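Structure first, commentary second.
Model, not experiment: these values are computed from the prediction.
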There are 2 protein chains.
Amino acid sequence: MDNIQAIAEGDGRQRILAAAEKLFSDKAFDAVSMSAIACEAGISKANIYHYFPNKDTLYLAVLRMASHNLRAVLNESVSAHGSVRDVLRHFAHNHLQALLKRPELVRLVWREILEKGAPRAQEFAEQGFADMFSALVDVLKLGQTRGEFRPDFDPALVATLLLGANVFFFQSRDILRHYPPITFADDPAGYDAGIVEILLRGLAPATA
Amino acid sequence: MDNIQAIAEGDGRQRILAAAEKLFSDKAFDAVSMSAIACEAGISKANIYHYFPNKDTLYLAVLRMASHNLRAVLNESVSAHGSVRDVLRHFAHNHLQALLKRPELVRLVWREILEKGAPRAQEFAEQGFADMFSALVDVLKLGQTRGEFRPDFDPALVATLLLGANVFFFQSRDILRHYPPITFADDPAGYDAGIVEILLRGLAPATA
DNA sequence: CCGGATATTGACCGATTGGTCAGGTACTTA
DNA sequence: TAAGTACCTGACCAATCGGTCAATATCCGG
């Protein structure tokens, strides 16, 4: 216990969860030891086992919490005022901002999704997808029925495209920043604005 | 050494690399033990240290090889015949097919990219990006100068959008398959065709 | 048939892992 | 104040980790 930890708030259980979330978001399951979590939380390792029966349960609790919080943050992205085009614009912007605001949560949940070998709890990780995805699909459908969009495209496909553009941007930001032709690596607002504008043109009815 | 391994080809060094690649692509660095690699390769653990000085070096070698192979596969995606629109269509298709053809390589390299805690060799992982990215940007620029595309969009932004759409599809395929409104989870060709068509509409000049 | 590399091995090492346990502290309630 | 209970700890455990090493097996040129 060399580390004079920074976390001081909350009761034991939540301090452990906070410490574990921080460490698990940076490194994989096996790369984070219970001792490290205890040190980060400023308590003894044995004390963790007073709140959690084993490492897997703790990880699951962290993932559940992170998943819930991320879901809450992301769901705020869906607003419902203005034209469908404006709703889409705001959604893209808020969604990307949400990702960038809580990067630890995103990394934590996304790592779980990508893990093929030991699917610990993909159910939780996948939750965030469902409601946001369907909300976005609904928006696109509304745009089609209102005549703001062409009726001959798959809303789910466009939703995937938009979500993917944001997630990919989030994931590859550090890499993108290395390439000279890319000017938007540190301008997420400009990025999603450009994306959405191209998308809106692509979705517009023939009689634009 | 309980496992009667399947790998039998090649000399010792390549058997080790193949076994390590397989295991590292499924689980994270710390989750793969040298014993497991030895078992998978059908040799003794000590023998690994005859070819590689330590675990990090072995991992680095695997990553380097995977990165190189993935790069080769991906670079085939760039063809250069037909109209720019057709080139783009083919690129999207081939790129996604390449990702799906060697999923282990993609997962291996991408995990390294996402890892924040211990950047072991992001240089290698990032290599594949550069050339393909610039090739795609060049195609888009050509489309602009030829007048097939509008001149007022950022080619790098569109390249990111297209690459992101494919990578995201690759990563989330298992999740997407769970949602009823999604019909394209098992139809990658249909997916990228739809994506590109929307994009092409978005990039088309005002006088379409 | 020999002798020097090259491969390959089982046994072993200290360190660290997840997890246990007996006991101590501190707060609450009677 | 006494007892009960939730909280917390250092010491300890077997198992496994990455890595070492001396000894052997295998090969190949002379």
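- dC7(D) atom P lies 13 Å from atom CD of Gln14(A), rounded to whole Å.
- Spacing between atom OH of Tyr49(A) and atom P of dG23(C) amounts to 22 Å, rounded to whole angstrom units.
- Ring planes of Tyr59(B) and Phe24(B): perpendicular class, angle over 60° (limits at 30 and 60°).
- Checking the phosphate oxygens (OP1, OP2) of dT9(C), a side-chain nitrogen or oxygen of Asn47(B) falls inside 4.0 Å.
- OP1 or OP2 of dA7(C) lies within a sub-4.0 Å distance of a side-chain N or O belonging to His50(B).
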Using atom names, set out every protein N or O paired with an N or O of nucleotides 25-27 of chain C below 3.5 Å, distance rounded to 0.1 Å.
none

Distances for protein N/O vs nucleotides 12-17 of chain D N/O pairs under 3.5 angstrom?
{"residue": "dC17(D)", "atom": "OP1", "partner": "Ser33(B)", "partner atom": "OG", "Å": "3.4"}

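- One finds a side-chain N or O of Tyr51(B) lying less than 4.0 angstrom from the OP1 or OP2 phosphate oxygen of dT8(C).
- Rounded to whole Å, atom P of dG24(C) lies 21 Å from atom CD1 of Ile43(A).
- A search for side chain to side chain donor-acceptor pair (under 3.5 Å) contacts involving Arg201(A) returns nothing, not counting sequence neighbours.
- In this structure, Phe168(B) has its ring center at least 6.0 angstrom away from the ring center of Phe168(A).
- Nearest heavy atom pair, residue Val62(B) against residue Glu21(B), reads CG1-CA, 3.7 Å.
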